[in-house]
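Structure record follows, encoded as structure tokens.
Atoms within each ligand, like the ligands themselves, are counted from 1 in listed order.
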Amino acid sequence: MGWRAQAPLDMKKLFHTSLPVFVADTREVADLSVAAEIVGLLAAGETVLALPTGRTPVGIYRELIHAYRARKASFARATTFNLDEFLGVAPDHPAGFARWMEEQLFAHVDLDRARARLPRLENADEDRAAAARAYEAAIEAAGGIDLLVLGIGRNGHIGFNEPGSARTSRTRVVDLAPETRADAAAAFGGIEHVPTQAISMGVATILDARRIRVLAFGAHKSDVVRRMLIDPPSEDCPSTFLRGHPDVKLFLDREAAAGLDAR
Ligand code: GLP
């Protein structure tokens, strides 16, 4: 089975925004572009990736699995850190991110599970600050994050850094915004079952990554994409902090870019 990464020829680059924005005719082109960059890093040697959950990265993971099956990529020298996890969910919880990552990527490639980390806090009596510090220390011990893949929440959150998150924030326990819990209600079988808290890399943890690749697809993201690129950087919309990063790229489909064309 062949897998060939194409150059992102059919993407339009917007120059009038505060960071490089690529608008793809279809989201598959964006998926392939980011997947190809990851495949390049994997081929180059020891690589540390930071990975998100949600609908946004599914296509990238599908492309990475294709690349692995086509023997174009190996995760043998990769370490991964997930951005976030709901508080109190066990690794096998059907709505938890550990199981989701297993289904969407880990089970299908040659990644050593000992090198696939998620921030974790299963019991209320655990020392939260110590768990958060341990996650930061593990990232540092791995040599820092080479490439971090990111989606954006409808309210501008990155990871689970909800509005109000400081630019200097590090991995910690966070309160989830009502709209974030509503978005997770289906997975948990009702909003009453969605945890009220999560553990997430902080904004500063994210900004420490050497490369950040952000993706947003669909009309429901157009408003937050516009805010991310145009609003003054502030805690009100944590994705605005990405604009200060030296190597960040934003990939959109036409629907998510609609609010930019209007300007
Ligand atoms: C969740 C995750 C985020 C993700 C966001 C967007 O809240 N914690 O990391 O970026 O949802 O999700 P989706 O990609 O499904 O739009």
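- Under 4.0 Å is where a charged nitrogen must lie from a carboxylate oxygen, and between Arg77 and Asp110 no such pair does.
- When Arg227, Arg226, Lys221, His220 are each tested for a side-chain hydrogen bond (donor to acceptor under 3.5 Å, both in side chains) with Asp223, only one passes: Arg226.
- Near Gly151, meaning under 4.0 Å from any of its heavy atoms, are these atoms of ligand 1: 10 (O).
- Side chain of Arg120 to backbone of Val89: a donor-acceptor contact under 3.5 angstrom is found.
- The protein heavy-atom contact nearest to atom 3 (C) of ligand 1 is Gly159 O, 3.6 Å.
- Phe81 and Tyr135 have perpendicular rings, their planes meeting at more than 60° on a 0 to 90° scale where under 30° would count as parallel.
- Atoms of ligand 1 found under 4.0 Å from any heavy atom of Lys221, numbered from 1 in the order shown, are 13 (P), 16 (O).
- No donor-acceptor pair under 3.5 Å is formed between the side chain of Lys249 and the backbone N or O of Phe22.
- Close contacts between ligand 1 and Thr56 involve ligand atoms 13 (P), 14 (O), 16 (O) [criterion: under 4.0 Å to a heavy atom].
- In this structure, the protein non-hydrogen atom closest to atom 1 (C) of ligand 1 is His157 NE2, 3.8 Å.
- Of the protein's non-hydrogen atoms, Ile152 O, 3.7 Å is the one closest to atom 6 (C) of ligand 1.
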Legend entry - Evaluation steps, side chain to side chain contact (heavy atoms under 4.5 Å, CB included), between Arg133 and Arg170: CA-CA 9 Å; Arg133 272 198 310 274; Arg170 292 274 162 194; over 6 Å; no

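- Here the shortest heavy-atom distance to atom 8 (N) of ligand 1, taken over Asp84, Leu51, Ile158, belongs to Asp84.
- Summary of contacts: the protein heavy atom closest to atom 15 (O) of ligand 1 is Arg55 N, 2.7 Å.
- The closest protein non-hydrogen atom to atom 12 (O) of ligand 1 is Gly54 CA, 4.1 Å.
- No more than 12 heavy atoms of other residues, nucleotides or ligands shown are found within 6.0 angstrom of CD on Glu140.
- Protein heavy atom nearest atom 4 (C) of ligand 1, with residue, atom name and distance: Thr53 O, 4.0 Å.
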